[in-house]
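This report concerns only the one structure given below.
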Amino acid sequence: MSVKVEALTKIYGDQHAVDSISFEVAGGQITGFLGPNGAGKSTTMKMLTCYLAPTAGKAMVAGYDIETQSIEVRKRIGYLPEHNPLYTEMYVKEYLRFIAGISGYEGNISKRINELIEMTGLGVEKHKKIGMLSKGYRQRVGLAQALFSNPEVLILDEPTSGLDPNQVIEIRNLIKEVGKEKTVILSTHIMQEVQAMCSRVIIINKGKIVADNSTEELTRQTTGNNLLRVAFKNPVTASVLKSIPGVLDVEQKGKAWILFYAANDDLRDAVFKWAVNNDNTIYEMEREGRSLEDIFQSFTK
């Protein structure tokens with residue numbers, strides 16, 4: 001129940017859209033697949049789902065080769081593309097019944113449709129034509145389609161696009177629940193989404209993988225220095241703060257200061273003692289790490 005990619009490549013003319021990438025994603029894991037526009041994310045997903053044939057390399061999905069066993073791959077994969085293609089003249093339940101037919105679903109179709117409508121929160125819209133739905137509800141229909149055959153592998157390209165904040169939380173919870181039993185690869189530009197759902201992050205840039213690690217380890221490895229945000233009652237200067245033992249550098253942000261210090265240290269005691277000895281009061285003190293946005297930019301700029 002895994003996805004295994006070896007030197008996968010897609011070339012258009014002189015452009016290497018995907019340039020010999022390799023990775024493996026195990027079951028029960030939600031992996032964030034990130035990259036700027038044009039980095040090769042969607043091309044990779046289209047190859048894994050057999051929409052595009054690779055120029056070179058190979059990929060196995062749930063144990064089947066995407067080129068020589070594409071029908072078997074398609075049976076075991078659920079795919080929500082970035083631009084969710086739907087038949088807008090169909091009613092929601094009619095469309096899901098159509099999906100059951102073309103996917104060869106062998107179970108109780110009516111029962112499965114009702115399960116998916118409840119699972120994706122489509123209940124209030126289930127009797128409408130898809131063309132009458134908001135973008136958010138169309139996205140839910142697309143997700144129901146991807147989940148219909150209870151696939152082993154789920155590939156989602158911008159799954160919460162167009163959803164309001166409440167819907168985003170519901171869909172995130174659904175994906176996290178599904179991810180306990182399936183292999184899930186999730187592409188998104190929303191970093192909070194990655195932090196909320198993904199245990200692992202793969203970053204692709206200009207067709208090559210530039211980072212691949214757990215979210216926590218990626219943050220730890222790329223931070224280098226720790227950050228301490230401090231706000232004082234009385235004004236202080238950068239030179240004075242740099243004199244505190246352990247402070248490597250400082251940066252002012254509004255009324256607060258960001259103090260940089262070595263990753264294995266804890267600067268809070270030293271700052272507290274300095275404030276007491278200098279008759280100053282600490283209004284705010286909080287340790288910070290680099291955000292996933294910062295890490296993403298450092299690998300792709």
Can a donor-acceptor pair be found between the side chains of K135 and N84 at a distance below 3.5 Å?
no

Tell me yes or no: between the side chains of R97 and S110, is some donor less than 3.5 Å from an acceptor?
yes

T44 versus G40, closest heavy-atom pair with distance:
OG1-O, 2.8 Å

Closest heavy-atom pair, Y64 versus V73, reported as atoms and distance to 0.1 Å, is O-CG2, 3.6 Å

Less than 4.0 angstrom from a charged side-chain N to a carboxylate O is my criterion; do [X] and [Y] meet it?
{"X": "E72", "Y": "K75", "result": "yes"}
{"X": "E67", "Y": "K58", "result": "no"}
{"X": "D266", "Y": "R287", "result": "yes"}

Taking H189's backbone N and O only, do any of them form a donor-acceptor pair with E158's side chain (distance below 3.5 Å, no angle check)?
yes

Criterion side-chain contact (heavy atoms from CB on, under 4.5 Å) on I190 and V168, from CA distance to verdict
CA-CA 11 Å; I190 305 170; V168 167; over 6 Å; no

Path from Y87 to F148 over hydrophobic side-chain contacts below 4.5 Å
yes

Just do the side-chain contact (heavy atoms from CB on, under 4.5 Å) check on D212 and R200 with the steps written out, would you?
CA-CA 7 Å; D212 181 359; R200 176 182 170 198; 2.9 Å; yes

Would you please test K129 and T88 for side-chain contact (heavy atoms from CB on, under 4.5 Å) and show each step?
CA-CA 7 Å; K129 283 188 175 181; T88 55; over 6 Å; no

Residue among I203, I204, T300 satisfying side chain to side chain contact (heavy atoms under 4.5 Å, CB included) with P36:
T300

Nearest-0.5 Å distance, CG of residue L122 to CD1 of residue I113
11.5 Å

